[in-house]
Amino acid sequence: MSTLAEIAALLGEPRFNWSDPAPWDALEQELGMVFPEDFRTVVDAYGSVTINGQLYVSHPAPHLPHNLGDEIRGDLALWREEDMAELLPAPVGAGPGELMPVAAAMTGESVFLRLPDGASSPWRVLVQESDSFSWVLHEMTFGEWLLAYLRGEDVTVCARNLAPDGPSFRTRT
């Protein structure tokens, strides 16, 4: 079973199902990077959503009120400020080993994709906890990380009391 199929089995069938690559292409050109396929696949399937009433994930379509491009630009500016940058193990940006902010949680965590160091290096997920000023690097792709989150595994962002009836999502408006 594919990661998206496993996510859908837990979260519910996606309803956004975006197929136009133009917003991704424009954002990737602006940032100077290409997002990992599993991240694009999940976001294209679900769009801009709140998962379990906690995790905010956005799509890059510019017509959406919560779009990934606007959120990344704001987060990059925030995380480049000196007092914020020292809370992370690497700079934010689109270079090898840098961190790209891609999601946030209402419980204060920021979720980053860690860009590969080289062509054969994997993508990873880093979560920064604002309440403890600590971070955790998860040795998994975004799809694997989201699947673990939905299963209730400890992936730094986990508040099962926010989804007592199991995983769910709603469109961000």
Side-chain angles (χ1 to χ4, degrees), residues 2-21 23-24 26-28 31 35-79 84 87-88 92 99-114 123-132 134-138 140-173:
S2 74
T3 303
L4 180 60
E6 291 178 89
I7 289 169
L10 290 170
L11 190 57
E13 285 301 313
R15 297 186 293 257
F16 193 67
N17 299 314
W18 187 270
S19 61
D20 180 5
W24 287 107
L27 182 58
E28 290 172 343
L31 297 172
F35 286 94
E37 191 61 35
D38 72 318
F39 178 72
R40 284 180 62 150
T41 298
V42 169
V43 173
D44 275 345
Y46 286 93
S48 294
V49 293
T50 302
I51 299 173
N52 291 350
Q54 175 187 30
L55 182 64
Y56 305 117
V57 178
S58 297
H59 190 275
H63 72 278
L64 297 173
H66 300 280
N67 77 71
L68 185 62
D70 288 346
E71 291 180 2
I72 285 177
R73 284 185 284 279
D75 288 344
L76 286 173
L78 171 74
W79 287 104
M84 296 299 285
L87 300 176
L88 296 172
V92 294
L99 304 170
M100 183 59 63
V102 294
M106 68 167 281
T107 46
E109 297 86 358
S110 295
V111 180
F112 298 84
L113 294 176
R114 184 184 180 281
W123 287 85
R124 296 295 179 229
V125 174
L126 182 130
V127 179
Q128 195 282 334
E129 296 182 278
S130 61
D131 59 344
S132 67
S134 64
W135 53 267
V136 177
L137 179 64
H138 296 278
M140 54 184 70
T141 65
F142 180 82
E144 294 166 340
W145 179 87
L146 182 59
L147 189 56
Y149 166 77
L150 294 172
R151 289 178 177 150
E153 297 172 22
D154 183 5
V155 289
T156 314
V157 177
C158 188
R160 296 303 300 159
N161 61 328
L162 296 174
D165 298 324
S168 65
F169 72 95
R170 64 178 170 75
T171 301
R172 294 175 68 193
T173 55

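Heads up: numbering here begins at 1 and tracks the sequence. Values in this document were obtained by computation on a predicted structure and should not be read as measured data. All heavy atoms count here, side chains included; hydrogens, waters and symmetry mates do not.
From R170, atom CZ reaches atom OG1 of T50 across 4.0 Å, with rounding to the nearest 0.5 Å. Rounding to the nearest 0.5 Å gives a distance of 10.5 Å between CG of L126 and CH2 of W145. Residue R124 holds its CZ atom at 14.5 Å from CZ of F142, rounded to the nearest 0.5 Å. Atom CD of E37 and atom CG of D44 lie 8.5 Å apart (nearest 0.5 Å). In this structure, the separation between CG on L10 and OG on S168 is 12.0 Å, given to the nearest 0.5 Å. Going from atom CD1 of I7 over to atom CZ of F169 covers 12.0 Å, rounded to the nearest 0.5 Å.
Although no hydrogens or angles enter the test, the distance criterion places a donor-acceptor pair under 3.5 Å between the side chain of S48 and the main chain of H66. N67 places a side-chain N or O within 3.5 Å of a backbone atom of G69 that can act as its donor or acceptor partner.
Shown here for G108 and S130, the closest heavy-atom pair between the two residues is O-OG, 2.7 Å. Contact detail for A148 and V155: the closest heavy-atom pair is CB-CG1, 3.6 Å. Nearest heavy atoms, V49 versus R172: O-CD, 3.2 Å. L27 and P60 make their closest contact through CD2-CB, 4.0 Å (heavy atoms, listed as atom of the first residue, atom of the second, distance). Closest non-hydrogen pair, I51 versus Y149, comes out as O-OH, 3.6 Å. Residue V127 comes nearest to E109 through the heavy atom pair CG1-CB, 3.8 Å, listed as atom of the first residue, atom of the second, then distance.
Taking the six-membered ring for Trp and the full ring otherwise, the centers of W24 and F35 sit less than 6.0 Å from each other.
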Quiz item: So L55 and L146, side-chain contact (heavy atoms from CB on, under 4.5 Å) or not? Walk me through it.
Solution: CA-CA 10 Å; L55 182 64; L146 182 59; 4.0 Å; yes

task = Just do the side-chain contact (heavy atoms from CB on, under 4.5 Å) check on D38 and T3 with the steps written out, would you?
result = CA-CA 8 Å; D38 72 318; T3 303; 5.8 Å; no

Starting from the C-alpha separation in whole Å, work towards a yes-or-no answer on side-chain contact (heavy atoms from CB on, under 4.5 Å) for Y46 and L4.
-> CA-CA 10 Å; Y46 286 93; L4 180 60; 4.0 Å; yes

Output side-chain donor-acceptor pairs under 3.5 Å for residues 72-79, partner residues at least two apart or in another chain, one line each.
{"from": "R73", "atom 1": "NH1", "to": "E30", "atom 2": "OE1", "distance (Å)": "2.8"}
{"from": "R73", "atom 1": "NH1", "to": "E30", "atom 2": "OE2", "distance (Å)": "2.9"}
{"from": "R73", "atom 1": "NH2", "to": "D70", "atom 2": "OD1", "distance (Å)": "2.7"}

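Contact of the L68 side chain with the F39 side chain is registered, since non-hydrogen atoms from C-beta on lie closer than 4.5 Å. In this structure the side chain of Y56 never reaches within 4.5 angstrom of the side chain of V111, judged on heavy atoms. Residues V57 and V42 are not in side-chain contact: their nearest non-hydrogen atoms beyond the backbone lie 4.5 Å or more apart. When side chains are defined from C-beta on, M84 does not count as touching Q128, because their heavy atoms never get closer than 4.5 Å. With contacts defined as side-chain heavy-atom distances shorter than 4.5 Å, the pair P36/T141 does not qualify.
Annotation: side-chain contact (heavy atoms from CB on, under 4.5 Å) contacts of S132 (sequence neighbours excluded): E129, S134. Under the ring pair (Phe, Tyr, Trp, His ring centres under 6.0 Å) criterion, F16 pairs with W18, H59, sequence neighbours left out.
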